[in-house]
Every structure is written in structure tokens, then in C-alpha cells.
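Residue numbers start at 1 and run along the sequence shown. What you see is a predicted model, and the numbers here were worked out from it, not measured in a lab. All values below were derived from every heavy atom in this structure, side-chain atoms included, with hydrogens, water molecules and symmetry-related copies excluded.
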Amino acid sequence: QVQLVESGGGLVQPGGSLRLSCAASGRTFSNYAMGWFRQAPGKEREFVSAISRSGANKYYADSVKARFTISRDNAKNTVSLQMNSLKPEDTAVYHCAATSGMGITTIPGRYDSWGQGTQVTVSS
């Protein structure tokens with residue numbers, strides 16, 4: 001499995017921006033499609049965005065489309081999530097995840113490795 005460590009979370013006002021990063025180690029990063037999920041207190045884990053192994057294909061949940069941008073740098077073994085126009089309902093712990101399966105998936109159970117998560121709080 002690949003080991004994943006997220007960073008970049010914090011407290012931001014509504015309308016603000018944050019950039020989350022996820023550093024991978026232990027396996028060949030480019031062999032994994034990557035995803036971001038989030039989980040708010042009392043709620044199930046929710047798909048946010050995913051990116052293919054090469055970075056050519058990206059997919060977003062409707063709730064974040066046009067506000068969030070996922071990207072990856074296979075040379076640096078990192079995947080990032082740029083979050084703009086943040087809303088209070090974006091408040092959650094954000095996790096990155098890696099899947100060795102082909103293509104992009106929104107299903108948490110298809111991801112092989114998970115990071116511990118980073119807290120994002122959107123509040124005035």
C-alpha cells in the first residue's frame with residue numbers, strides 16, 4: 001500500500017480559499033488514481049473529487065464543481081485540492097485516498113489506502 005499524509009487544512013472565512021496537499025510514499029505514485037473525500041460530524045464519508053493516474057481525467061462532486069480543482073504532480077508524489085469560494089457546509093475532515101484500480105471511482109470501498117485527514121473549518 002501507499003502511505004498518504006494530508007496537510008493544508010485550517011480555519012477560513014466563508015468565501016475564502018484553502019489548498020490541501022497529500023504526500024504519498026511507499027509505492028509508485030503514478031500507479032494510483034487518487035481521490036479526495038470528506039466527512040463531517042455525524043455524516044457519512046462523502047466523495048469530493050478524483051484524478052486519474054496521469055492526471056488527464058478529473059471528476060468532481062456536484063457540490064464542489066467549479067469551486068474546487070484537483071491536480072497531481074507525479075514527479076513529486078503529491079495530489080492537491082484547491083478549494084475556492086468555501087462555504088460553511090464544506091466544513092469537514094478531508095481525506096486523500098489511493099486506488100490501484102483502473103480509472104476514477106467515487107466509491108470509498110474501492111480505495112486501497114487512506115490518509116489520516118486534515119480538518120477544514122469554514123466559519124465567520
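In this structure, Tyr59 and Ser52 have side chains that are not in contact, with every pair of non-hydrogen atoms separated by 4.5 Å or more. Between Met83 and Val120, some side-chain heavy-atom pair lies under the 4.5 Å cut-off. Here the side chains of Arg38 and Val64 are in contact, with some heavy-atom distance below 4.5 Å. A heavy-atom distance below 4.5 Å is found between the side chains of Arg67 and Asp90. Side-chain contact between Ser123 and Pro88 is absent, with no heavy atoms from C-beta onward closer than 4.5 Å. Side-chain contact between Tyr32 and Arg27 is present, with at least one heavy-atom pair separated by less than 4.5 Å. Looking only at side-chain heavy atoms (C-beta outward), Phe47 and Ile107 stay at 4.5 Å or farther from each other. For the pair Gln119/Thr91, a side-chain contact is recorded, criterion being any heavy-atom separation below 4.5 Å from C-beta on.
What you find for Leu86 and Val12 is that their closest heavy atoms are CD1-CG1, 3.5 Å. Considering every non-hydrogen atom in both Gly103 and Ala33, the closest pair reads O-CB, 3.5 Å. Heavy-atom minimum distance, Met34 versus Ala98: SD-CB, 3.5 Å. Smallest separation of non-hydrogen atoms from Tyr111 and Gly35: CE2-N, 3.6 Å. Smallest separation of non-hydrogen atoms from Gln1 and Gln3: O-NE2, 3.3 Å. Minimum heavy-atom separation, Ala50 to Ile104: CB-CG2, 3.3 Å.
To the nearest 0.5 Å, atom CZ of residue Phe68 and atom CG of residue Leu20 are 8.0 Å apart. For the atom pair CG of Asp112 and OG1 of Thr99, the computed distance is 5.0 Å after rounding to the nearest 0.5 Å. Rounding to the nearest 0.5 Å gives a distance of 11.5 Å between CG of Leu4 and NE2 of His95. With rounding to the nearest 0.5 Å, the separation of CG in Asn74 from OG in Ser54 is 8.0 Å. If you take NZ on Lys87 and OG on Ser63, they are separated by 8.0 Å, rounding to the nearest 0.5 Å. Atom OG1 in Thr118 sits 10.5 Å away from atom OH in Tyr94 (nearest 0.5 Å).
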Query raised in the report: Going through the distances and angles, do Trp114 and Phe37 end up as a ring pair (Phe, Tyr, Trp, His ring centres under 6.0 Å)?
Result: CA-CA 10 Å; Trp114 292 82; Phe37 291 79; 5.0 Å; yes
Query raised in the report: side-chain contact (heavy atoms from CB on, under 4.5 Å) between Trp36 and Val79: does it pass, once the steps are laid out?
Result: CA-CA 9 Å; Trp36 285 96; Val79 60; 3.9 Å; yes
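When only modelled atom types and interatomic distance are considered, Thr78 and Asp73 share no side-chain donor-acceptor pair under 3.5 Å.
Thr69 places no side-chain N or O within donor-acceptor distance of the main-chain N or O of Gln82, the cut-off being under 3.5 Å. Here the side chain of Ser113 pairs no donor or acceptor atom with the backbone of Ala97 at under 3.5 angstrom. Put simply, the side chain of Gln13 never gets that close to the backbone of Val122: no donor and acceptor are under 3.5 Å apart. Lys58 places a side-chain N or O within 3.5 Å of a backbone atom of Ile70 that can act as its donor or acceptor partner.
Other residues, nucleotides and ligands place no more than 12 heavy atoms under 6.0 Å from the CD atom of Glu44. By the neighbour-count criterion of 12 heavy atoms within 6.0 Å, atom NZ of Lys43 is sparsely surrounded, having that number or fewer from other residues, nucleotides or ligands.
Remark: Arg53 fails to qualify as a cation-pi partner of Phe29 under the 6.0 Å distance and 45° angle criteria applied to the six-membered ring.
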